[in-house]
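First the structure, in the form of structure tokens, and then the observations on it.
Positions are given from 1 along the sequence.
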Amino acid sequence: MCFPFDAVPPAIPAGHRVIAGGAAGEALTLTSADGTEFSAYLARAEGSVGVVVLPDVRGLFRFYEELAERFADAGHSAIALDYFGRTAGLGPRGEDFDYPPHVQQTTPDTVAADVHATVECLKRAGATTIVTVGFCFGGAQSFMQGARDHGLAGVVGFYGSLVREGQRWTLDRAPDITVPVLGLFAGDDKNITAEMVAEFGTRLRVPHEIHTYPGAPHSFFDRRQEQYASESEDAWNRVLDFMSKRQAEG
């Protein structure tokens, strides 16, 4: 598990906020290429950059809906999606959701199909520059979207898992990524070692920025963890600057 159910996304740094009072969102049901319906949450903004938010193993819950709203606060439409339409029906997911058996039934291909449908929805909402941003399991999925034909401008992962037993995972797919990468890692993450992170950077063949926050734990990006407020603010700035660069590249 990444974030606890009551986690709260850190506020957008003041210099990046363009919507006073906060952006509102709406629940959606999207349809993947195989006909699967899955839940999503859209927060609209007027800018041309769109964000696909890829949650941790819990799937879509309030933290990620609020995160989509934070991106909209910064002027970027964002959609947070749920992974489990094929096995658990529509969400969002409550605190008592038994996610492990559903996570085990996901594959990179089914997640990619749902991401593609989400990207198309963002395009219909007016986005022309689209990036993925994911966390933990979703961080891995975000990185791996960079090897897919979605027309993405870049991919961002917070403490994205780099290896997974029995599957061709992030490290294996890193050489296939074709868009710029921003990787944000936690120095005190017991499951993602510094050696793994270094190897990830070595295998990437595209422009990339890899940053590790010394002493920070997995899932530090939580407003309730006040001792990591400066790391969270720095992470926000890196993500939003990354998006601005992708937009400028056009």
Around atom [atom1] of [X], are there more than 12 heavy atoms of other residues, nucleotides or ligands at under 6.0 Å?
X: E26; atom1: CD; result: yes
X: R164; atom1: CZ; result: yes
X: D98; atom1: CG; result: yes

Minimal non-hydrogen separation, [X] against [Y], with atom names:
X: R70; Y: A11; answer: NE-CA, 4.0 Å
X: Q167; Y: D172; answer: O-OD2, 3.7 Å
X: A186; Y: T212; answer: C-CG2, 4.0 Å

Ring centroid separation [X] to [Y] under 6.0 Å:
X: F185; Y: Y159; answer: no
X: F84; Y: F97; answer: yes
X: W169; Y: F143; answer: no
X: F220; Y: H218; answer: no
X: Y83; Y: F137; answer: yes

Has R246 got its NZ or CZ under 6.0 Å from the middle of the six-membered ring of F242, at an angle within 45 degrees of the ring axis? yes
Is it the case that the side chains of [Y] and [X] hold a donor-acceptor pair, with the cut-off being a distance below 3.5 Å and no angle test?
X: D109; Y: T107; answer: no
X: Y41; Y: E69; answer: yes
X: D56; Y: Y64; answer: yes

[X] vs [Y] side-chain heavy atoms within contact, under 4.5 Å:
X: V131; Y: V52; answer: no
X: V156; Y: M243; answer: no
X: L30; Y: D114; answer: no
X: V239; Y: N237; answer: no
X: R173; Y: R168; answer: yes
X: C121; Y: I79; answer: yes
X: L204; Y: I177; answer: yes
X: E199; Y: L171; answer: yes

Determine whether V8 and W236 fall in the same hydrophobic cluster, where Ile, Leu, Val, Met, Phe, Trp and Tyr are linked whenever their side-chain heavy atoms lie under 4.5 Å apart. no
In terms of hydrophobic clusters joined by side-chain contacts under 4.5 Å, are V103 and F5 together? yes
Dump the intermediate steps for side-chain contact (heavy atoms from CB on, under 4.5 Å) on L184 and F221, then the final yes or no. CA-CA 10 Å; L184 302 172; F221 192 73; over 6 Å; no
So, does [X] use its side chain to make a donor-acceptor pair with the main chain of [Y] at under 3.5 Å?
X: S232; Y: Y228; value: yes
X: E65; Y: F61; value: no
X: T132; Y: Q145; value: no
X: T202; Y: A198; value: yes
X: T129; Y: V49; value: no
X: T193; Y: M196; value: yes
X: S48; Y: A127; value: no

Salt bridge between E120 and R124, side-chain N to carboxylate O under 4.0 Å? no
Could you state the interatomic distance from [atom1] ([X]) to [atom2] ([Y]), rounded to the nearest 0.5 Å?
X: S219; Y: Q225; atom1: OG; atom2: CD; answer: 5.5 Å
X: S32; Y: F38; atom1: OG; atom2: CZ; answer: 5.5 Å
X: K123; Y: T128; atom1: NZ; atom2: OG1; answer: 10.0 Å
X: D73; Y: I12; atom1: CG; atom2: CD1; answer: 6.5 Å
X: I130; Y: L122; atom1: CD1; atom2: CG; answer: 5.0 Å
X: N191; Y: S161; atom1: CG; atom2: OG; answer: 9.5 Å

Listed by chain and number, what are the ring pair (Phe, Tyr, Trp, His ring centres under 6.0 Å) partners of H208, not counting sequence neighbours? none
Applying salt bridge (charged side-chain N to carboxylate O under 4.0 Å, His left out), can you list everything that pairs with E231, at least two apart in sequence or on another chain? none
With E37 via salt bridge (charged side-chain N to carboxylate O under 4.0 Å, His left out) - residues at least two apart: none
Can you check side-chain hydrogen bond (donor to acceptor under 3.5 Å, both in side chains) on Y213 and D188, steps first, answer last? CA-CA 8 Å; Y213 294 95; D188 194 26; over 6 Å; no
Evaluation steps, side-chain contact (heavy atoms from CB on, under 4.5 Å), between V155 and L182: CA-CA 6 Å; V155 294; L182 173 62; over 6 Å; no
So E66 and R62, salt bridge (Lys or Arg N to Asp or Glu O under 4.0 Å) or not? Walk me through it. CA-CA 6 Å; E66 291 185 3; R62 186 55 190 154; 3.4 Å; yes
Start with the C-alpha gap between R238 and D234, add the side-chain angles, then the distance that decides, and say whether salt bridge (Lys or Arg N to Asp or Glu O under 4.0 Å) holds. CA-CA 6 Å; R238 289 177 188 270; D234 182 80; 2.6 Å; yes
Assess the residue pair R224 and D6 against the criterion (salt bridge (Lys or Arg N to Asp or Glu O under 4.0 Å)); give the C-alpha distance rounded to whole Å, side-chain angles, the decisive distance to 0.1 Å, and a yes or no. CA-CA 9 Å; R224 302 172 319 140; D6 60 351; 3.1 Å; yes
In sequence, state the C-alpha distance, the side-chain angles, and the governing distance for L60 and L81, and then conclude on side-chain contact (heavy atoms from CB on, under 4.5 Å). CA-CA 6 Å; L60 181 61; L81 62 82; over 6 Å; no
